[in-house]
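The structure under discussion appears below in the form of structure tokens.
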Amino acid sequence: MTFEVNIFTSIIVLIVGLYDLACAWNRRRQPNNKKGVKAYAILGTIFTIAGIILLISCLRG
């Protein structure tokens, strides 16, 4: 099963993943915001990996 992805969609998914990782990185030192760090890190990792895979599949053709 194949599907086509627009290159802008893959770039947006990659940017969202990197933004989530940056939020997790910045929140880890705040004492009152410890709950969301793992969630942002996990979602950031998933979105970053998915964005890289989508970008590679989009550029491969």
Side-chain angles (χ1 to χ4, degrees):
M1 181 174 168
T2 61
F3 59 95
E4 292 189 23
V5 177
N6 195 355
I7 190 165
F8 297 113
T9 306
S10 61
I11 291 173
I12 288 172
V13 170
L14 185 62
I15 289 172
V16 168
L18 292 175
Y19 181 77
D20 283 347
L21 285 174
C23 284
W25 186 262
N26 289 331
R27 282 187 176 200
R28 65 186 168 90
R29 294 195 186 235
Q30 295 177 355
N32 56 356
N33 281 334
K34 289 291 185 181
K35 291 183 181 178
V37 175
K38 285 185 183 179
Y40 275 108
I42 291 170
L43 283 175
T45 305
I46 290 170
F47 279 134
T48 304
I49 292 171
I52 291 170
I53 291 171
L54 288 174
L55 190 64
I56 289 171
S57 67
C58 183
L59 292 176
R60 188 177 264 187

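Below, each value reflects all heavy atoms present in this structure, side chains not excepted, and no hydrogens, waters or symmetry copies.
Interatomic distance, CD1 of Ile49 versus CD1 of Ile53, reported as 7.0 Å (0.5 Å rounding). Distance check, rounded to the nearest 0.5 Å: OH of Tyr19 to CD1 of Ile15 gives 12.5 Å.
Grouping the Ile, Leu, Val, Met, Phe, Trp and Tyr side chains by contacts below 4.5 angstrom, directly or via other members, places Val16 with Val13. Side-chain heavy atoms closer than 4.5 Å link hydrophobic residues (I, L, V, M, F, W, Y) into clusters, and following such links, possibly through other members, connects Leu59 to Ile11.
Taking the side chain as every heavy atom from C-beta outward, Asp20 and Thr48 never approach each other to under 4.5 Å.
Residues Ile46 make up the rest of the hydrophobic cluster containing Ile42, defined by ILVMFWY side-chain heavy atoms closer than 4.5 Å, directly or through other members.
In this structure, the side chain of Ser57 engages the main chain of Leu54 through a donor-acceptor pair within 3.5 Å.
Looking at every heavy atom in both residues, Ala24 comes nearest to Ala41 through CB-N, 3.7 Å.
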